[in-house]
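The structure under discussion appears below in the form of structure tokens.
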Amino acid sequence: MASQTGTIVQESLAALLKDSSFLPELQSESREQAFASLASILSTPNKIHKAFLRISMDNGEVVRIPAFRVQHNHTLGPYKGGIRFHESVNEDEVVNLAALMTLKNALHEVPFGGGKGGVVISPREHSAKEINLICQKYVHYFSDILGPDKDIPAPDMGSGDREMDWMMAEYKSIRPGEPYRGSFTGKSVVNGGSLGRREATGKGVYFTFRYMLYDFLKEQRTFLSNTDNKFAQTLLSYANKPMSIAVQGFGNVGSVAALEAHQCTLLQNKVVSVSDRNVMLYNSDGLDIQALIDFTTKNKGELPTTEEQLSLFDIKADIHDRDQVLDLDVDVLILAALEDQIHKGNMEQIKARIIVEGANAPVTGEADQYLSEKGVIIIPDILANAGGVIVSYFEWLQGRETQFYSEEEVFKLLVEKMKGTMDTILPQYFGDPFSLRQNCFIHSVMKLVTVMYRQGKLY
Ligand code: GLU
């Protein structure tokens, strides 16, 4: 498990070891031994599968493409997690992302374990036909380890409903007569996908922020005012105050979160900046997010980069270098692009007091510690971006029952689930010195440890 996740898991176990009210059945020596076993179980994936997909390109060339499926832990149910299509995919990264899925599912009481896949390609450089072949080959090579009750992939960066539809179709043809609807989630709605799955991650990202800044703050004001916790002070400083928001990444997660923020009537938000891999756009009066989404829909998902493009859609914004989004003087930064965006090299320049992790692992361990010490509230990935896997779970359930929910029902269930988690975690966070990430990890590890203990896995 790559360093940050591993370190926090170890710290969580150390905290639980000392807490005598946690698993009191485990006493003295056997307790120490059990916790040492847990550290090794949780810091290592159960299995790493690797294949070199043989792909015949459109030009006739035959190439080998590295592909992974990491099955981290299945204590709570079948392995679950997306398949990333990106040129920077590597084994360590997939292992770390798979571990985060185990913790994410445990945190939100989603009855799945954690897994992750990856294919080392730049999806933009391949034709639809080549991607189709890559999807088929991925399923072909890994078909023995996948399945609705074994390991259920979903979209991740660079993949979407098109890829899941193709993969499910391949799975179905490899295993005729077997259940197949739950083999992949994040499929298109006509093909058995769930309404609302595409927007689920972005909506969930915004919901966690809104719930803390509006609902929780309103209900718990007295409690927050009576503690000297530094995060509570940060939260209180935003009570009834207008907030400027910058969003890094304008894909499936960033664009939806930006639109939610823009349309939210409960908070006085102004989305002043959005960015993607080409550009950062800024307007201190707030950007027209809907117009930007309309532009990206017609332009291969990319934001406008010239004055002409902006005026064509009547968008008022200044054009800047993409990386400037991170050190803007804003209240809130929603990180919905890649991992490792805020790190040792730029953490001192960050001005936002609230950071929301829409992407997985966008803040490094060092930066997280530095900013948390300064009272910056960081809503971590496993808490904020779980909307995707939560609605994947609803999709899996709907596929089993072949009964489908309305979009309204899906969002209602999503919000209920995330609210349940927030209600468990937030009072602890604002009462103790740990960061929100540490609180979430402790909660997840507690759940996993308890179930492993009950299943007799610690002997
Ligand atoms: N790839 C998404 C994540 O990182 C969704 C996973 C899923 O739906 O299984 O959470």
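Numbering starts at 1 and runs along the sequence shown. Side chains included, hydrogens not; waters and symmetry mates left out as well; all remaining heavy atoms used. Remember, it's 1-based here, ligands and their atoms both numbered in the order they're listed. Just so we're clear, the structure is a prediction, and the values are computed from it rather than from any experiment.
Of the protein's non-hydrogen atoms, the one nearest atom 5 (C) of ligand 1 is Arg197 NH2, 3.6 Å. Residue, atom and distance of the protein heavy atom nearest to atom 1 (N) of ligand 1 are Asp156 OD1, 2.8 Å. Here the heavy atom of the protein found nearest to atom 3 (C) of ligand 1 is Lys104 NZ, 3.4 Å. The protein non-hydrogen atom at the shortest distance from atom 8 (O) of ligand 1 is Ser392 OG, 2.6 Å. For atom 9 (O) of ligand 1, the closest non-hydrogen atom on the protein side is Lys80 NZ, 2.8 Å. When only non-hydrogen protein atoms are considered, atom 7 (C) of ligand 1 lies nearest to Ala154 CB, 3.3 Å.
Between Thr185 and ligand 1, no pair of N/O atoms sits closer than 3.5 Å.
In summary, the atoms of ligand 1 found under 4.0 Å from a heavy atom of Gly82, numbered by their order in the structure, are 1 (N), 6 (C). Near Met101, meaning under 4.0 Å from one of its heavy atoms, ligand 1 places the atoms 3 (C), 4 (O), 6 (C), 10 (O). Ligand 1 places these atoms under 4.0 Å from at least one heavy atom of Gly388: 8 (O).
The distance from the CG atom of Leu103 to the CD1 atom of Ile382 is 5.0 Å, given to the nearest 0.5 Å. Once rounded to the nearest 0.5 Å, the distance linking CD of Gln398 with OH of Tyr393 reads 11.0 Å. Residue Tyr453 holds its OH atom at 11.5 Å from CG of Leu38, rounded to the nearest 0.5 Å. A distance of 7.5 Å separates CD of Gln438 from CG of Asp368, quoted to the nearest 0.5 Å.
Side-chain N or O atoms of Asn105 include none that pairs as donor or acceptor with a backbone N or O of Thr102 at under 3.5 Å.
Using a 4.5 Å cut-off on side-chain heavy atoms (C-beta onward), Tyr79 and Phe112 make no contact.
The closest approach between Lys116 and ligand 1 falls below 4.0 Å for a heavy atom of the residue. Judged by the shortest distance from any of its heavy atoms, Gly186 lies outside the 4.0 Å radius around the atoms of ligand 1. In this structure, Pro155 counts as a contact residue of ligand 1, since one of its heavy atoms falls inside 4.0 Å of the ligand.
Residue contacts with ligand 1, taken as heavy atom pairs separated by less than 4.0 Å, involve Asn360 solely via side-chain atoms from C-beta onward.
Under the side-chain contact (heavy atoms from CB on, under 4.5 Å) test applied with Ser244, the options Val332, Asp331, Asn269 reduce to a single match, Asp331.
For the residue pair Gln71/His49, the side-chain donor-acceptor check at 3.5 Å is satisfied.
Aromatic ring centroids of Phe231 and Tyr429 lie under 6.0 Å apart.
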